Trainee: 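Please see the structure below; I have some questions.
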Amino acid sequence: MAEYILVAVAWPYASAKIHTGNVTGSHLPGDICARYHRLKGDHVLMVSGSDSHGTPITVVADKEGRHPREVFEHFHQGFLELFQRLGISYDLFTHTDTENHHRVAQDFFLALLHKGYLYTQVEKQMYSETQRRFLPDRYVEGTCPVCGYEAARGDQCDRCNTLLDPTDLINPRSKIDGSTPVLRETEHFYLDLPKLARAGLTEWLQTGKEHWRPNVINFARQYVGEGLQGRPITRDLDWGIPVPVAGWEGKCLYVWFEAVIGYFSASIEWAHNHNRPEAWKDWWYNPSAKTLYFIGKDNIPFHTVIWPAELLGVERLYDDDPEHKLNLPYDVPANEFMNLEGQKISGSRNWAVWMDEALDRYDPDPLRYYLTAAMPETRDTDWLWEEFVRRNNDELVATWGNLVHRALTFAYRHFDGRVPTPGTLEDVDTSLLSRIEGGFEPIGDLIAGCKFRAALSEVMALAREANRYLETKSPWFQIKEDRQAAATSIYVALRAIDSLKILFAPFLPFTSEKLHRYLGYEGTLFGKPYTATFEEPGGRVHEALCYDNSPATGEWTPSQLPPGQPLQWPEPLFTKLDESIIEEEKARLGR
RNA sequence: CGCGGGGUAGAGCAGUGGCAGCUCGUCGGGCUCAUAACCCGGAGGUCCCAGGUUCGAAUCCUGGCCCCGCUACCA
């Protein structure tokens with residue numbers, strides 16, 4: 001029975017390039033999950049987009065003297081290209097500066113307002129009289145009241161690490177022009193989280209979370225258990241989504257409030273783009289649909305508490321059926337962080353492996369393989385170039401790649417370039433096949449449960465089994481005495497490889513696709529990514545990454561490799577890497 | 001300070017009450033179809049420390065030490 005699976009991936013700020021940590025944290029696990037469910041025949045909708053609002057973008061824009069729109073469009077374009085090269089198969093990767101997202105976010109806001117989950121409150125904020133605008137915390141610096149450091153930021157002192165409020169700073173000054181900001185009162189909307197907690201959020205967190213990662217659910221329960229406070233959801237900004245209330249001109253929705261709504265608005269955009277304007281409801285109102293959110297651990301409160309609270313509060317949107325309620329997250333498999341050579345990733349210090357640059361030098365599947373094998377599922381991990389080379393050479397090249405190569409070239413040379421016809425299978429043959437075919441269910445369950453490292457390591461263990469099988473049968477001896485026996489061995493090996501191709505496919509889509517062709521199949525396992533430009537009624541134009549699943553023929557089932565099928569001469573699936581790249585790559589860091 | 005996660009062989013990790021496991025590395029052997037690759041065998045651990053519960057603890061309890069993170073408009 002086909003399920004509806006919504007794969008929701010955290011929206012990257014379009015103010016910096018994407019690095020290995022971003023990929024292993026959210027985009028890659030989301031893609032593995034999506035590809036697996038597509039092979040299973042489920043209805044997958046994988047969405048995300050560039051977060052085009054928020055301070056980081058205005059910071060970059062101010063520094064470069066450009067409009068925030070120019071900044072985010074530049075990075076957004078880069079993301080679209082990157083995800084295609086890396087095989088991150090978004091059904092829709094859009095952004096938040098669309099007519100559609102603005103409208104949906106505003107409707108979300110109004111629905112919460114009408115249901116009584118918003119209230120207003122006056123607070124004091126730093127205001128620049130020279131610039132005639134309110135300053136975000138990070139735009140204010142001054143002397144730290146604790147250690148006396150003169151360049152402390154409004155939110156934290158970089159020397160003594162004390163957490164600060166901009167009002168704590170001695171001699172505060174604007175980072176933009178050095179002028180002295182003043183405190184000024186301003187009114188904002190607040191999300192009434194205590195009320196939403198009583199309305200069902202607390203209860204929802206208490207039941208049916210056995211499949212959640214312990215750190216995620218524990219954190220969420222702790223967060224709510226401490227007693228929630230209302231949080232402001234508007235800001236004095238000119239770059240963002242305007243507050244849709246008369247008299248509130250010049251104020252925008254706070255980025256954390258509206259960005260999460262992107263999962264919902266992107267689903268609607270996807271349906272609209274495909275001329276099935278109601279289709280998004282299959283994932284949002286169907287109670288058996290599963291929605292999975294792939295995020296980094298810093299995002300846990302937003303996805304386990306605040307976003308569910310927004311969904312609960314709104315209850316339903318663009319739908320009149322009183323039975324319909326927006327689906328709350330089925331799972332939030334948040335990852336920890338991936339460090340780099342023992343140190344925290346830092347874009348500003350260039351202590352990062354930028355994904356586009358890595359793809360200039362290495363194939364996507366080895367990168368995906370290492371990023372999966374070292375995925376920070378339960379604890380922080382490290383990207384180590386030495387490990388990347390080792391796993392590529394010892395695991396991809398030596399174990400899986402070589403298994404494929406030795407079996408395919410042998411078949412090609414000795415059996416006329418075709419899949420040989422087997423004789424009667426003996427125990428040793430059927431036991432290998434049942435071992436591998438028996439892997440589909442448990443490995444599928446591991447992927448569905450977001451245990452990607454364990455799943456990948458199980459598949460690799462099966463590839464080792466197949467290597468052992470070849471050693472046991474030694475078709476290179478059999479061929480001299482008993483051609484039929486060799487034919488059986490090679491057939492069994494090829495059939496095992498054909499199954500392994502599918503088991504590896506969610507992780508290594510490019511090489512599985514290649515192998516699919518070498519084994520003589522027509523068609524492709526997966527669909528095709530493409531970019532498209534969309535023009536909205538209001539005249540806005542945006543470019544998005546899309547995915548056409550219609551050509552996909554891959555299925556999550558054991559091989560039925562037909563004897564006699566013509567093979568293609570195989571090129572090696574993976575290339576051995578020279579140890580010298582370890583030092584070369586490390587030398588690029590921190591410069 | 002508070003809270004969350006973690007500490008298991010040289011490295012990276014599984015393992016929630018019943019003989020401590022996996023991959024890599026290392027040592028020795030085999031084989032040669034294959035990208036000098038693959039296969040077999042060996043060595044290597046006080047499961048962070050100290051107490052406790054139990055017939056039995058890596059696993060449960062108590063206390064401590066150490067690492068990472070969250071409480072930031074920084075994945």
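Only a predicted model underlies this, so the values are computations on that prediction, with no experimental measurement involved. Note on naming: letters A, B, ... go to the chains in the order of the sequence lines (proteins, then strands), and numbering restarts at 1 for each one.
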Trainee: Checking all strands, does A398(A) fall into the base, sugar-phosphate, or nothing category for heavy-atom contacts under 4.0 angstrom?
Mentor: sugar-phosphate

Trainee: How far does the C1' atom of G51(B) sit from the matching atom of G15(B), given to the nearest Å?
Mentor: 25 Å

Trainee: Nearest to the Q222(A) side chain among U35(B), C33(B), G4(B), which nucleotide is it?
Mentor: G4(B)

Trainee: From the set U32(B), C24(B), U35(B), return the single nucleotide nearest to any side-chain atom of R390(A).
Mentor: C24(B)

Trainee: Whole Å only: how far is the CD1 atom of I497(A) from the P atom of C38(B)?
Mentor: 14 Å

Trainee: Does R379(A) place a side-chain N or O at less than 4.0 Å from the phosphate oxygens OP1/OP2 of G7(B)?
Mentor: yes

Trainee: Would you mind classifying the nucleic acid contact of L573(A) as base, sugar-phosphate or nothing, using non-hydrogen atoms under 4.0 angstrom?
Mentor: base

Trainee: Just how far, in rounded Å, is P of C74(B) from CG of N22(A)?
Mentor: 13 Å

Trainee: G2(B) pairs with which nucleotide, Watson-Crick or G-U wobble, both distances below 3.5 Å?
Mentor: C70(B)

Trainee: OP1, OP2 of C3(B) versus side-chain N and O of Y223(A): anything below 4.0 Å?
Mentor: no

Trainee: Any base atoms under 4.0 Å from S457(A), or only sugar-phosphate, or nothing? Heavy atoms, all strands.
Mentor: nothing

Trainee: Can you check the distance between U23(B) and G30(B), where both ends of the measurement are the P atom (answer in whole Å)?
Mentor: 22 Å

Trainee: Taking atom C1' in both C47(B) and A58(B), what distance in whole Å separates the two?
Mentor: 5 Å

Trainee: Determine the contact category for V397(A): base if any of its heavy atoms lies under 4.0 Å from a base atom, sugar-phosphate if only primed atoms, P, OP1 or OP2 are that close, otherwise nothing.
Mentor: base

Trainee: Using whole Å, what does the distance between atom C1' of nucleotide C39(B) and atom CG of L403(A) come to?
Mentor: 13 Å

Trainee: Could you check whether F134(A) and H188(A) have their ring centres less than 6.0 Å apart?
Mentor: no

Trainee: C1' atom, U46(B) versus A57(B): distance in rounded Å?
Mentor: 14 Å

Trainee: Looking across every strand, which nucleic acid part, if any, lies under 4.0 Å from Y13(A) by heavy atom: base, sugar-phosphate, or nothing?
Mentor: sugar-phosphate

Trainee: Is there, by distance only and without an angle test, a donor paired with an acceptor across the side chain of E336(A) and the base of G6(B) below 3.5 Å?
Mentor: no

Trainee: I'd like the C1' distance from A9(B) over to A43(B), given in whole Å.
Mentor: 11 Å

Trainee: How long is the line joining CZ of R235(A) and C1' of A72(B), in whole Å?
Mentor: 13 Å

Trainee: Would you call the rings of W307(A) and Y263(A) parallel, tilted or perpendicular if under 30° counts as parallel and over 60° as perpendicular?
Mentor: tilted

Trainee: Are F109(A) and F189(A) close enough that their ring centers fall under 6.0 Å?
Mentor: yes

Trainee: By nearest nucleotide on RNA chain B, pick out whichever of K297(A) and T381(A) is the more 5' one.
Mentor: T381(A)

Trainee: Consider the side chain of E395(A), meaning its heavy atoms from C-beta on, and name the nucleotide among G69(B), C33(B), U23(B) that approaches it most closely.
Mentor: U23(B)

Trainee: Using a 4.0 Å heavy-atom cut-off, does D382(A) contact any base of the nucleic acid, only the sugar-phosphate backbone, or nothing at all?
Mentor: nothing

Trainee: Distance between the P atoms of C22(B) and G45(B), in whole angstroms?
Mentor: 16 Å

Trainee: D578(A) has an atom CG; how far is it from atom C1' of U35(B), in whole Å?
Mentor: 14 Å

Trainee: Determine the contact category for T575(A): base if any of its heavy atoms lies under 4.0 Å from a base atom, sugar-phosphate if only primed atoms, P, OP1 or OP2 are that close, otherwise nothing.
Mentor: nothing

Trainee: With both distances kept under 3.5 Å, what pairs with A58(B), Watson-Crick or G-U wobble?
Mentor: none

Trainee: With side chains defined as the heavy atoms from C-beta onward, is the minimum distance between T575(A) and V397(A) less than 4.5 Å?
Mentor: no

Trainee: Rounding to the closest angstrom, what is the interatomic distance between U71(B) and U62(B) at atom C1'?
Mentor: 28 Å

Trainee: Looking at every strand, decide which applies to T409(A) at a 4.0 Å heavy-atom threshold: base, sugar-phosphate, or nothing.
Mentor: sugar-phosphate

Trainee: Looking at C40(B), I'd like to know if its phosphate oxygens (OP1 or OP2) sit under 4.0 Å from a side-chain N or O belonging to R468(A).
Mentor: yes

Trainee: Tell me if the aromatic rings of W385(A) and Y362(A) count as close, with their centers under 6.0 Å from one another.
Mentor: yes

Trainee: Please work out whether the ring planes of W256(A) and F302(A) are parallel, tilted or perpendicular, with thresholds of 30° and 60°.
Mentor: tilted

Trainee: Check K501(A) with D498(A), please: is the shortest side-chain N to carboxylate O separation under 4.0 Å?
Mentor: yes

Trainee: Give a yes/no on whether any side-chain N or O of S474(A) is located under 4.0 angstrom from OP1 or OP2 of C39(B).
Mentor: no

Trainee: With the side chain of F477(A) defined as its heavy atoms from C-beta on, choose the nearest nucleotide among U23(B), C38(B), U32(B).
Mentor: U32(B)

Trainee: Whole angstroms only, please: what is the CG-C1' distance between L494(A) and C33(B)?
Mentor: 13 Å

Trainee: Could you tell me whether M338(A) contacts a base, only the sugar-phosphate backbone, or nothing, with contacts defined as non-hydrogen atoms closer than 4.0 Å?
Mentor: base

Trainee: First locate atom OH of Y254(A), then atom CD1 of I233(A), and finally report the distance between them rounded to the nearest 0.5 Å.
Mentor: 11.5 Å

Trainee: Closer to the 5' end of RNA chain B via nearest nucleotide, is it K576(A) or I345(A)?
Mentor: K576(A)

Trainee: Starting at atom CZ of R406(A), determine the distance to atom C1' of A36(B), rounded to an integer number of angstrom.
Mentor: 13 Å

Trainee: Has W476(A) got its ring stacked on the base of C33(B), with centres under 5.5 Å and planes less than 30° apart?
Mentor: yes

Trainee: Check step by step if salt bridge (charged side-chain N to carboxylate O under 4.0 Å, His left out) holds for R235(A) and E123(A).
Mentor: CA-CA 11 Å; R235(A) 292 284 87 173; E123(A) 59 181 310; 3.0 Å; yes

Trainee: Quantified in whole Å, what is the C1' atom distance between nucleotide C67(B) and nucleotide C48(B)?
Mentor: 11 Å

Trainee: Would you indicate, yes or no, if G5(B) has its OP1 or OP2 atom less than 4.0 angstrom from a side-chain nitrogen or oxygen of N218(A)?
Mentor: yes

Trainee: Nearest whole Å is fine: how far is C24(B) P from N467(A) CG?
Mentor: 11 Å

Trainee: Select one nucleotide: of G69(B), U32(B), G25(B), the one nearest the side-chain heavy atoms of D394(A).
Mentor: G25(B)

Trainee: The side chain of F219(A) is closest to which nucleotide in this list: C70(B), U35(B), U23(B)?
Mentor: C70(B)

Trainee: What contact category does P572(A) fall into here, base, sugar-phosphate, or nothing, at under 4.0 angstrom with non-hydrogen atoms?
Mentor: base

Trainee: Which nucleotide sits closest to the side chain of E471(A): C31(B), C70(B), A14(B)?
Mentor: C31(B)

Trainee: Would you mind telling me which of U35(B), C33(B), C39(B) lies closest to the side-chain atoms of F574(A)?
Mentor: U35(B)

Trainee: Taking a pair as Watson-Crick or G-U wobble with both distances under 3.5 Å, which nucleotide is matched to C24(B)?
Mentor: G10(B)

